[in-house]
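These notes concern the structure reproduced below.
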Amino acid sequence: MLGDNQLADVRGRRPQGRATDPFGSFAGERGWVEQVDDQPTVDLASYWRLALKHRLLIIGCFLGALVIGATLTLLMTPIYRAQATLQIDREAARIFNAEEVTPSENPAQGEEFFQTQYGLLRSRSLAERVIESLGLASSNAALEAIGVEAPEAGGTAATQAARRKAAVLKALEENLSVSPVRGSRLVAVGYENPDPVVAARIANGFAENFIQSNLDRKFESSKYAREFLEERIAQTKQRLESAERQLVAYAVTQQIINVREPSEGATSGGATESLTSNNLVALNSALARSRAERIAAEERWRSARTSNLMTLPEVLQNPTMQRLTEQRAILDAEYQQKLSIYKPDYPEMVQLQARIAEADGQIQAIAGNIRTSIRSQYQIAANQERALQARVSGLTVDVLDLRDRSIEYNILQRELDTTRTLYEGLLQRYKEVGVTGGVTANNISIVDSATPPPKPSKPNMLMNMALAALLGLGLGLLAAFVLEALDETLATPDDVEKKLGVPVLGVVPLLDKGETPADALGNIRSGFSEAYYSLRTALQFSTPDGTPSSLLVSSARPAEGKSTTAYAVALNLARVGKRVLLVDADLRNPSMHRVVGLENELGMSNLLSGSADLAAVVQPTRQENLFFIPCGPLPPNPAELWGGDRLRQFLAETQNNFDHVVLDGPPVLGFADAPMLANAVTGVLFALESRGTRRGQARGALQRIQVGQAHLLGVVLTKFNAKTTSYGGYDYAYDYQYGAKPDQGAGKKGKRG
């Protein structure tokens, strides 16, 4: 039996305990399944094999789609497509340097602008305008001319007109195409119709009416702007007049007189100045100058009062003082000169002294006068400062009072200024709109007018056939995938390994009609024999100890070739010199004795019931080293016989006398015999009929075997039709005809993909 570490999932997951799922339990021991990478990969080979398998279905869908596409294309009415080309600029050429009344677009909004224009081209209002301008809905005959079915008769004339208009409008919306030319400002406006002349006429109608509607929108915008501005100007004018009256009346009442008008760019809060304010400013400037003069006079007086008179700058700089000082110096020099000759009491000397004394008296008198003058200047400056200060204080009170009374005046003044500015702006805007409103500048122009196309644009045979081919191929592949997903058959070894997750140890070909398994096994060079030789080789490598000592061959249901497989395995083991015991373990419907050609008088039923021993039931066969135990009489309770201890005793006893014991067991489904036998033997070989056993049956049988903790070696695929199955590039065939002629298929080797 498989150990816990051998129950790895075929997807590469780590084993967790003993697995009971037969589709993920056989990968660990022999390493027959590669670990699947966690990352999903695209298996192109599997898709190719799927396409080859369902190639007839895919080819049929492909050809059918081509036929249907060609038929429908030939039955279609030819459609002509006429196209007019427009150039749409973001801004029209400006004749006047003034802003437009319509919203302007900046480069960041360019994409939105063009998308808006495309939407306008597809709009219902433009289509209705085209209908009216071209008279497309004027009568039933006009509808038939453009290829539109006329509505049913009945109702009033207005009702009929509305029906015709609705029918034409629907046709225009369905057949109109607006295609911007990438990387440019060009737009192709196309229309499709069975009549090429009608198609060109309607395409040109859309282009011309789009331009005219654009001009109409601009004119309507200008008209609305003028009406709006006229109304606002009238209202603003009334407000301006009322504001002026209120301002003048308040100024008269409060005796507010302004000496200058508001300066350009000045704010309304300090736009005017009153007489009181001007006087205050002038007196304040005079007070500042007077204070400076008083401070300077006070400093001069302080210096004259405390310093020596003769050192005062005013005294030293006085011309009279300078002249007297110079005369005294001359007299003093003359006195000193004559003192060396005359005595001080000499009359001439006395006279000189008198003159010097007179000069000193004059100097002192003039110096005293200068100091008195400095003090007078200081007193005058102080008196003047006090007088100016008193006047400024009085005017300050007047200005503060005026400011209190000017608050309401300033409010009225600001209201007047704002209203005047708004009024002037509205007048200027009204003049601009009046000038630009009459200029029909347009940003849309026709580059190429539509002309009747020489050949139809629809149907396009080449494109329709390509689409039909793609559709047919897609439907074929989809049908192949669906059939493959719903396919429950197990036809090839790949199907067995992918759908069941178990290894395929051998593939046994289907015998030709009239050929028996015995005859095929008798010919050692037949493909049938070669298949079982390959199976025997695979069994040798199925376990670390070689071919299992006890082997059970079973199947999901009867007639899948398990008895033939059991006999062939035993026969091939005997041919290589092994002592082999073949046991017919199907106690419900035995058939092995007919394959071997021996009697079925005593057998396993006698041995298990204790009425016979091993030596009594073993029979030799025609093949050397091959011995056989038939079923024996059919017991009423086969499951109870297999459930006793005699089965294990029998297997233990046969190990002393035989190299291998091969049991031909009963089918798994519906009976309890096979799980008990599978639990007792060393290995289990599961026979599966190609295209005969469905996946659900095989899965259920493998699950039942796993319930008995069996060691499943693998599957042998029987009745495989190698002539009709070529799957995925591999040819399943066993055709070893050594020495045969080429036309007999010599040299072909059986391969299993």
Side-chain angles (χ1 to χ4, degrees), residues 1-3 6 22 25-33 493 496-497 500-509 517 520-521 524 526-555 560-585 592 595 623 625-628 651 654-655 658-665 668 674 677-690 702 705 710-720 732 734 736 750-752:
M1 293 181 292
L2 292 175
Q6 296 171 333
S25 308
F26 313 103
E29 184 171 332
R30 292 173 302 279
W32 65 275
V33 177
V496 175
E497 294 182 352
L500 298 182
V502 295
V504 177
L505 301 182
V507 180
V508 180
L521 290 174
I524 61 174
S526 67
F528 196 76
S529 296
E530 289 293 342
Y532 281 112
Y533 292 157
S534 177
L535 175 61
R536 181 196 65 193
T537 304
L539 288 174
Q540 292 178 357
F541 298 101
S542 62
T543 66
D545 299 328
T547 304
S549 59
S550 56
L551 177 66
L552 172 66
V553 181
S554 183
S555 62
E560 291 196 68
K562 63 176 180 58
S563 298
T564 302
T565 300
Y567 175 70
V569 170
L571 180 63
N572 280 285
L573 290 174
R575 285 176 177 175
V576 295
K578 302 291 185 179
R579 287 179 58 84
V580 183
L581 176 61
L582 177 62
V583 179
D584 190 352
M592 184 60 72
V595 177
Q623 176 64 41
N625 295 327
L626 178 60
F627 300 88
F628 175 64
L651 293 175
T654 56
Q655 290 181 358
F658 300 96
D659 295 324
H660 303 284
V661 178
V662 180
L663 286 80
D664 177 24
V668 176
L677 288 170
N679 180 263
V681 298
T682 307
V684 178
L685 180 63
F686 193 80
L688 191 66
E689 181 183 357
S690 175
L702 292 174
I705 292 177
H711 181 188
L712 182 62
L713 302 176
V715 172
V716 54
L717 190 63
T718 63
K719 303 181 184 180
F720 182 77
Y732 298 97
Y734 292 90
Y736 296 96
K751 295 183 289 181
R752 181 171 61 85

Practice task
Look up atom CD in E530 and atom CD1 in I524, then write down how far apart they are to the nearest 0.5 Å.
Solution key: 8.5 Å

Exercise for the section: Could you check if a side-chain atom of Y567 sits within less than 4.5 angstrom of a side-chain atom of L626, using non-hydrogen atoms only? Expected result: yes

Exercise for the section: For S526 and L521, indicate whether the former's side chain and the latter's backbone hold a donor-acceptor pair under 3.5 Å. Expected result: no

Practice task
Please test V553 against V716 for side-chain contact (heavy atoms from CB on, under 4.5 Å), starting from the C-alpha separation and ending with a verdict.
Solution key: CA-CA 10 Å; V553 181; V716 54; 5.7 Å; no

Practice task
Could you tell me whether the side chain of F720 reaches within less than 4.5 Å of the side chain of V508, counting heavy atoms only?
Solution key: no

Exercise for the section: Could you grab the distance from atom CG of D664 to atom NZ of K562, nearest 0.5 Å is fine? Expected result: 4.0 Å

Handout entry: T543 versus H711, closest heavy-atom pair with distance
Key = CG2-CE1, 3.8 Å

Problem - Euclidean distance, I705 CD1 relative to N679 CG, rounded to 0.5 Å - result: 12.0 Å

Problem - T537 side-chain N/O to Y533 backbone N/O, donor-acceptor pair under 3.5 Å - result: yes

Completion exercise
From the list N572, T565, T564, side chain to side chain donor-acceptor pair (under 3.5 Å) partner of Y532 resolves to T565

Practice task
Test S549 against every option in T654, D659, T682 by the side chain to side chain donor-acceptor pair (under 3.5 Å) rule and name the one that passes.
Solution key: T682

Fill in the blank from the handout: Smallest heavy-atom separation, L712 atom then V684 atom, equals CD1-O, 3.5 Å

Problem - Inter-residue atom distance R579.CZ - N625.CG, 0.5 Å rounding - result: 6.5 Å

Handout entry: Non-hydrogen atoms of L717 and E689 that approach each other most closely
Key = CD1-C, 4.4 Å

Completion exercise
For V580 and A574 the tightest heavy-atom approach is CG2-N, 3.7 Å

Exercise for the section: Count the heavy atoms belonging to other residues, nucleotides or ligands that lie under 6.0 Å from NZ of K578, then report whether that count exceeds 12. Expected result: no

Handout entry: Spacing of CG belonging to L688 relative to OG belonging to S554, to within rounding of 0.5 Å
Key = 11.0 Å

Completion exercise
Closest non-hydrogen contact found for M592 with L582 is SD-CD2, 3.7 Å

Handout entry: T718 side chain vs A687 backbone, donor-acceptor pair below 3.5 Å
Key = no

Handout entry: Side-chain heavy-atom pair L685, L535 within 4.5 angstrom cut-off
Key = yes

Exercise for the section: Specify the closest pair of heavy atoms between L677 and G665, including all atoms of both residues, with the distance to one decimal. Expected result: CD1-CA, 4.4 Å

